[in-house]
Amino acid sequence: MDEELRERVREAAESAALFNALKHGSDPDVGAIMGPLMGEHPDFRPHGDEIPGVVAPVVNEIANMDEAERRERLGELDPDALAELEAEDEGDDHDLPDLPNAEEGEVVMRAAPNPNGPWHIGHARMPSVIGTYAERYDGEFICRFDDTDPETKRPDLDAYDAILDDIDYLGFEPDVVLKASDRLETYYEHARELIDLDGAYTCSCPAEEFRELKADAEPCPHRDKDAATVREEFEAMIAGEYDAGELVLRVKTDIEHKNPALRDWVAFRMVDAAHPREEAAHYDCWPMLDFQSGVDDHLTGVTHIIRGIDLQDSAKRQRFVYDYFGWEYPEVLHWGHVQLDEYDVKLSTSTIKALIEEGELTGWDDPRAPTIQSVRRRGIRGQALVDAMTGLGMSTSDVDLAMSSVYATNRELIDDEADRYFLVRDRDDDPAVEREIAGGPDAGHPPRHPNHEDRGRREIPAGTVLIEERDLPADGDRVWLKGYGCVREADGAFEWVSDDIDLVREEGVDVVHWVPAAESLTTRMRTVEGDVLGYAEPEVADLAVGDSIQFERVGFVRVDAFDPAPTPEDGGPTGEEDVVVYYSHD
């Protein structure tokens, strides 16, 4: 490394270390800044073995500075970086606005999932934001399963636990977990009170007939029934004496309201389908979501509600009930929908479920599925999703979530702990090519991690090796097998040249990855685009399921299985693979 480059490395390292120390309020660490440093300065990478020796003294100098000195020095080196830090300080290091009329220790918010299936990625926004607000205000996070529609959005019994697992994966634990289907008697009691307040009536109008009356702002002929009759008919509904569509209970609002959607809306209806939960299967009279949710929000002390901008009418409907009971309505914030790039599959529980049933997807954790289970199996940390979701803020417009932002955060989270290995892919358009090496060492010894020499080096047997065809040099040209040395292509074989790294630094010999032909592990890498087959270096066999690693020049992956059982019927492993990994990102 010449003196000019050494000075550039020192200056960049000082700026990165100062930023890191001030951002996290701690002393900088060589390992923590090496990743960003090499990522932002690709020309430093060929000198990776020397750079830590330049960075370490810089880090030691900064460790001896106080915060004021660090800020002053960063301002001299990189004013924009200091301004970014100060902006984060002013924003309390978050992208979410303060909640209106919120008091420390008094905030109560709820996620109200319908458990009709596991969560897709868009569902992560609500618990991410609510959990973040609950932490900020030392408040309460309620998870209430709104499972009072046993027919059109029929609950999936496995989804209850799956959703709670997803919340845990995102890094949050609800203070309270409720199932609305356990609370039917509570809703009945409030319906009886509402009837006694002359706030509800039973209606047997056919649906189309009532739609016409509502559109014309004309009252239903049943609207003026006396409370005793309404009560009697509602008790008959509870007893299951009516079939679906025969009778409903309506909230009495303003029949001439300028918004027809708010006119005398349905609070309870009869449902013929039995609820899948055994505890709720005997009920036939079910509350509509606006009634059930409104009652529960009050009874559980919810102070702030977040809902989609398309659900503004829900708050308006519920306010009629709140006015009858004399309750104070919670603060309401609305936001737009999340739109996701990268995936071909629509962000919809019903769509994903249908594709699984049709065999187009292997399950909710198929890497092609835009679900939380899928990104989790791919090795994406929950914190990466949380950071991306809170970073969207609270815009009432639809917002685009680029998966690249999730990957960038995840890369920061796992880069330091993910050891490096080689995978040679064997693709139709770029097959693995075998070459015998004449001369040279018996094995290569690349580092397990470029920033952690203390983790040691891998041992990869040489002799006959595999590389990807695109990396094969022309006859007579050279290539550097990473961690091994320089070889030359000669009539379908490799000839050993040298282990002098200056061939890379000064003569521009390409550096490629490789694996031994005989000792490699047959590998299936599952990706969003489909499966990729290849060969991994032998030491991958020493890893554990769940480990995140980086296949150099390929990307980060999560180890999923060793010697997998064959599942060719759903496009999975054939049973011939030694290991299956799930691709995370580059």
Side-chain angles (χ1 to χ4, degrees), residues 96 99-116 119 123 125-149 153 155 159-161 163-164 166-168 170 172-194 197 199-200 251 265 267-268 275 277 279-280 283 286-308 311-335:
L96 299 173
L99 291 173
N101 301 312
E103 296 182 21
E104 184 82 12
E106 300 297 324
V107 169
V108 180
M109 303 185 76
R110 48 78 167 171
N114 185 316
N116 61 325
W119 271 352
H123 286 124
R125 190 181 187 189
M126 185 67 80
S128 295
V129 170
I130 287 177
T132 300
Y133 273 133
E135 290 176 353
R136 186 192 303 181
Y137 289 100
D138 190 24
E140 187 173 289
F141 176 179
I142 296 172
C143 176
R144 184 186 71 231
F145 290 102
D146 282 353
D147 58 348
T148 54
D149 185 352
K153 287 196 173 183
Y160 294 90
D161 287 341
I163 288 170
L164 292 176
D166 286 343
I167 294 174
D168 179 70
L170 294 170
F172 303 105
E173 181 180 358
D175 298 284
V176 178
V177 176
L178 300 173
K179 296 183 179 75
S181 58
D182 285 334
R183 298 169 56 77
L184 269 292
E185 299 299 334
T186 296
Y187 310 135
Y188 293 161
E189 280 304 310
H190 283 79
R192 294 178 180 114
E193 290 181 37
L194 189 62
L197 292 169
V251 176
W265 50 273
F268 284 81
H275 198 282
R277 290 187 66 232
E279 302 89 331
Y283 289 107
W286 287 90
M288 299 296 285
L289 183 61
D290 282 331
F291 185 88
Q292 169 251 303
S293 179
V295 169
D296 276 336
D297 285 339
H298 172 74
L299 295 181
T300 56
V302 169
T303 61
H304 295 77
I305 298 171
I306 301 175
R307 55 166 57 107
L311 298 176
Q312 292 183 82
D313 284 349
S314 287
K316 296 172 183 176
R317 292 190 192 98
Q318 290 170 347
R319 286 181 189 276
F320 285 104
V321 175
Y322 273 61
D323 287 345
Y324 279 118
F325 289 126
W327 298 340
E328 181 178 353
Y329 201 75
E331 298 282 351
V332 182
L333 298 89
H334 293 99
W335 58 21

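All of these numbers come straight from a predicted model, not from anything done at the bench. All values below were derived from every heavy atom in this structure, side-chain atoms included, with hydrogens, water molecules and symmetry-related copies excluded.
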Looking only at heavy atoms, what is the nearest atom pair of [X] and [Y], with distance?
X	Y	value
A315	Y329	CA-OH, 3.3 Å
P287	Y187	CG-CD1, 3.7 Å
W286	Y283	NE1-O, 3.1 Å
D166	W119	OD2-CB, 3.6 Å
D149	P155	O-CD, 3.6 Å
A159	P115	CB-O, 3.4 Å

Do [X] and [Y] make a side-chain contact, defined as non-hydrogen atoms from C-beta onward lying under 4.5 Å apart?
X	Y	value
W265	D313	no
V321	V251	yes
V107	Y133	no
W335	R125	yes
Y160	V177	no
R307	V332	yes
T303	E103	no
H298	Q318	no

Taking atom CD of E193 as the centre, report whether more than 12 heavy atoms of other residues, nucleotides or ligands fall under 6.0 Å from it.
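For E193, atom CD is crowded (more than 12 foreign heavy atoms under 6.0 Å).
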Please check if atom CD in E104 has more than 12 non-hydrogen atoms from other residues, nucleotides or ligands closer than 6.0 Å.
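Correct, the count exceeds 12.
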I'd like to know if D297 and R110 make a salt bridge, using a cut-off of under 4.0 Å between side-chain N and carboxylate O.
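Salt bridge flag = yes for R110 with D297.
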Approximate separation, where rounding is to 0.5 Å, of [X] [atom1] and [Y] [atom2]:
X	Y	atom1	atom2	value
M109	T132	CE	OG1	10.0 Å
S314	M288	OG	CE	10.5 Å
E331	L333	CD	CG	7.5 Å
R317	Q312	CZ	CD	11.5 Å
H334	I305	NE2	CD1	8.5 Å
I130	I142	CD1	CD1	9.5 Å

Centroid separation F291 to F268 less than 6.0 Å:
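Here the rings of F268 and F291 have centres that are less than 6.0 Å from each other.
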Would H190 and F325 count as a close aromatic pair, with their ring centres under 6.0 Å?
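Yes, ring centres under 6.0 Å apart.
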Side chain to side chain contact (heavy atoms under 4.5 Å, CB included) between R277 and K179: does it pass, once the steps are laid out?
CA-CA 10 Å; R277 290 187 66 232; K179 296 183 179 75; 3.4 Å; yes
Just by modelled atom types, is the K153 backbone N or O under 3.5 Å from a matching donor or acceptor in the N116 side chain?
no
Any donor-acceptor pair under 3.5 Å from D175 side chain to F141 backbone:
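Pair found, side chain donor or acceptor close to backbone of F141.
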Side chain to side chain donor-acceptor pair (under 3.5 Å) filter on R319, not counting sequence neighbours, yields none
Do L96 and V129 pass the side chain to side chain contact (heavy atoms under 4.5 Å, CB included) test, and can you show the C-alpha distance, the side-chain angles, and the key distance before you say yes or no?
CA-CA 8 Å; L96 299 173; V129 170; 4.0 Å; yes
Take L99 and R136 through the side chain to side chain contact (heavy atoms under 4.5 Å, CB included) test and state the conclusion after the steps.
CA-CA 10 Å; L99 291 173; R136 186 192 303 181; over 6 Å; no
Under the side chain to side chain contact (heavy atoms under 4.5 Å, CB included) rule, what do F145 and L164 come out as? Steps first, then yes or no, please.
CA-CA 10 Å; F145 290 102; L164 292 176; 4.0 Å; yes
With sequence neighbours excluded, what pairs up with R183 under the salt bridge (charged side-chain N to carboxylate O under 4.0 Å, His left out) test?
D296
